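Read through the structure below, which is laid out as structure tokens, and then see the notes.
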Amino acid sequence: MVIPPSGEQYEIRHGDQVVVLTEVGAGLRAYAAGGRPVLEGFEAGERAAGGRGQLLMPWPNRIRGGRYRWRGEAQQLDLTEPAKSGAIHGLTRWVTWRLIERGETHARFGYVLHAGPGWPFVLGCEVDYGLGPDGLVVRTRATNLGAAPCPYGTGAHPYLHPGGAGVDDAVVTVPARTRLLVDDVSIPIGEEPVEGTSHDLRQPQPIGARRLDSTYTDLERDADGRARVSLTRPDGSAVTLWVDEAYPYLQLFTGDTLPETRRRTGLAVEPMTCPPDAFNSGAGLVVLDPGQAHEASWGIEPGPPVA
């Protein structure tokens, strides 16, 4: 028996929308609507390279040196990004999640993150994927199952499909007034307004040769409280990723540092409840008391096909 690198595969459907989810990391491997790809995902015989479709818990992005202090005690995480001497994207994306419930249009997964190096806590993690007429909704819930308060953040790493050979010919809109400035290992050292800079994407802008690996915040939200990033393809069709108010940060990444076959083939739009290195800076960090839970939602609207 051959087991796929991402474990068991789970398909959910609504109308002409099809989503494939994975046992490993409870990840989002593929999403198509009307026979066209919504996400730039990965094949069943591959692993989720570049973070494709992965959930990021209990922190998104990076922690400098994998080190932080909590309640006066120094913690050292494994360095999962050696090139930048950091710990990246949490502790749950390569582990086996348990399928709790599954129907035609939805699936719910759970995982208990026990204590380990640099993480002396116990966290109950759940994610629910649901398809409906407006697209995909992803809801996460984390509960502190330990006896002491714990730090927490979450995020996700989908790549929107540009509809062509790469992202250069796509147009992006990002409703953010501020971006974070970072050092040589991508840790925030300040922020600046986007107005008047090449990072001002509040109006539709062609990606062209832009190399994006930036954290945006100060998001402009619609009347429903959601902030929406839109990617318009060369044929005029568009896909939209939205985040609720639990996500004040978005990371955009054009994939310029990925292997050549995956470079600039999709636009990563990463919802984040906190910025990079929040375990040290405290910015946007959630502190969960024993028994306390945190919930957050984001989703994707595939948009109608071009007539």
Side-chain angles (χ1 to χ4, degrees), residues 2-7 9 19-32 36-57 59-66 77-96 155-172 174 182-187 199 206-216 229 231 233-234 239 241 250-272 276-277 300:
V2 175
I3 297 176
S6 56
Q9 309 289 299
V19 161
V20 181
L21 308 166
T22 65
E23 178 185 25
V24 174
L28 176 57
R29 185 173 71 74
Y31 181 14
R36 63 185 178 93
V38 176
L39 297 182
E40 206 262 325
F42 60 101
E43 299 298 324
E46 301 176 316
R47 67 180 182 90
R52 273 172 170 71
Q54 292 185 318
L55 292 175
L56 316 177
M57 302 170 82
W59 73 85
N61 220 290
R62 300 168 173 86
I63 296 176
R64 183 193 293 275
L77 295 152
D78 291 340
L79 299 185
T80 49
E81 191 183 31
K84 293 188 176 181
S85 298
I88 191 168
H89 291 335
L91 300 170
T92 68
R93 60 191 182 128
W94 300 114
V95 299
T96 300
H157 210 300
Y159 286 74
L160 304 185
H161 198 287
V167 299
D168 295 30
D169 296 327
V171 172
V172 67
V174 184
V182 298
D183 62 13
D184 59 350
V185 290
S186 302
I187 299 298
H199 291 275
I207 294 178
R210 297 172 198 261
R211 296 168 63 94
L212 297 175
D213 192 3
S214 302
T215 302
Y216 292 88
V229 174
L231 186 72
R233 292 114 166 214
V239 59
L241 185 145
L250 291 166
Q251 183 85 15
L252 266 71
F253 177 48
T254 47
D256 297 274
T257 58
L258 298 179
E260 187 172 354
T261 57
R262 288 295 198 179
R263 197 170 299 160
R264 301 182 68 84
T265 56
L267 178 66
V269 181
E270 307 167 38
M272 302 191 303
D277 207 35
I300 298 172

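Note that the structure is a prediction, hence the values are computed from the model and not measured. Just so you know, these numbers use all the heavy atoms, side chains as well, and skip hydrogens, waters and symmetry mates.
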- Task: Measure across Thr265 and Thr261 and return the closest heavy-atom pair with its distance rounded to 0.1 Å.
- Result: CG2-O, 3.7 Å
Anything under 3.5 Å between a donor and an acceptor, one on a side chain of residues 83-91, the other on a protein residue two or more places apart or in another chain? List them.
from  : atom 1 : to     : atom 2 : distance (Å)
Lys84 : NZ     : Ser186 : OG     : 2.6
His89 : ND1    : Asn61  : N      : 3.0

- Query: Within the side chain of Arg263, is there an N or O that forms a donor-acceptor pair under 3.5 Å with the backbone of Leu258?
  - Reply: yes
- Query: To the nearest 0.5 Å, what is the distance between CG (Asp183) and CG (Asp277)?
  - Reply: 9.0 Å
- Audit row: Trp59, Leu77, side-chain contact (heavy atoms from CB on, under 4.5 Å) steps and yes/no: CA-CA 12 Å; Trp59 73 85; Leu77 295 152; 3.6 Å; yes
- Message: Val185 vs Arg62, test: side-chain contact (heavy atoms from CB on, under 4.5 Å). Steps then yes/no.
- Response: CA-CA 9 Å; Val185 290; Arg62 300 168 173 86; over 6 Å; no
- Query: With distance as the sole test, does Thr254 use its side chain to make a donor-acceptor pair with the main-chain N or O of Arg211 at under 3.5 Å?
  - Reply: no
- Item | Residues in side chain to side chain contact (heavy atoms under 4.5 Å, CB included) contact with Ala49, at least two apart in sequence or another chain | none
- Item | Donor-acceptor under 3.5 Å (Glu81 side chain, Leu79 main chain) | no
- Message: Just verifying a value: how many Å separate Ile300 CD1 and Leu231 CG, rounded to the nearest 0.5 Å?
- Response: 11.0 Å
- Of all the heavy-atom pairs spanning His199 and Ser214, show the shortest one and how long it is. CE1-OG, 3.5 Å
- Query: Any donor-acceptor pair under 3.5 Å linking the side chain of Thr22 with the backbone of Arg29?
  - Reply: no
- Item | Heavy-atom closest pair, residues Thr257 and Phe253 | OG1-CZ, 3.5 Å
- To the nearest 0.5 Å, how far apart are CG in Asp256 and CG in Asp213? 8.0 Å
- Flag the pair Arg52 / Glu46 as yes when at least one side-chain heavy-atom distance between them is below 4.5 Å, and no otherwise. no
- Task: With the side chain counted from C-beta on, respond yes when Val172 and Arg210 share a heavy-atom pair under 4.5 Å apart, and no when they do not.
- Result: no
- Kindly indicate, with the supporting measurements, whether the criterion side-chain contact (heavy atoms from CB on, under 4.5 Å) is fulfilled by Val182 and Ile187. CA-CA 5 Å; Val182 298; Ile187 299 298; 5.9 Å; no
- Query: Looking at Gly7 and Ile3, what are the two nearest heavy atoms and their distance?
  - Reply: CA-CG2, 4.3 Å
Side chains of residues 158-171: which donor-acceptor partners sit under 3.5 Å, not counting sequence neighbours?
from   : atom 1 : to     : atom 2 : distance (Å)
Tyr159 : OH     : Gly50  : O      : 2.6
His161 : ND1    : Gly163 : N      : 2.9
Asp168 : OD1    : Arg264 : NE     : 3.0
Asp168 : OD1    : Arg264 : NH2    : 3.2

- Of Val38, Val229, Leu39, which is the lone residue that meets side chain to side chain contact (heavy atoms under 4.5 Å, CB included) with Val239? Val38
- Query: Of the non-hydrogen atoms in Pro276 and Met272, which two are nearest, and what is the gap between them?
  - Reply: CD-CE, 4.3 Å
- Short side-chain to backbone donor-acceptor contact, Arg93 and Leu56, under 3.5 Å: no
- Note on the structure: Looking only at heavy atoms, the pair that brings Ser6 and Ala44 closest together is OG-O, 4.4 Å
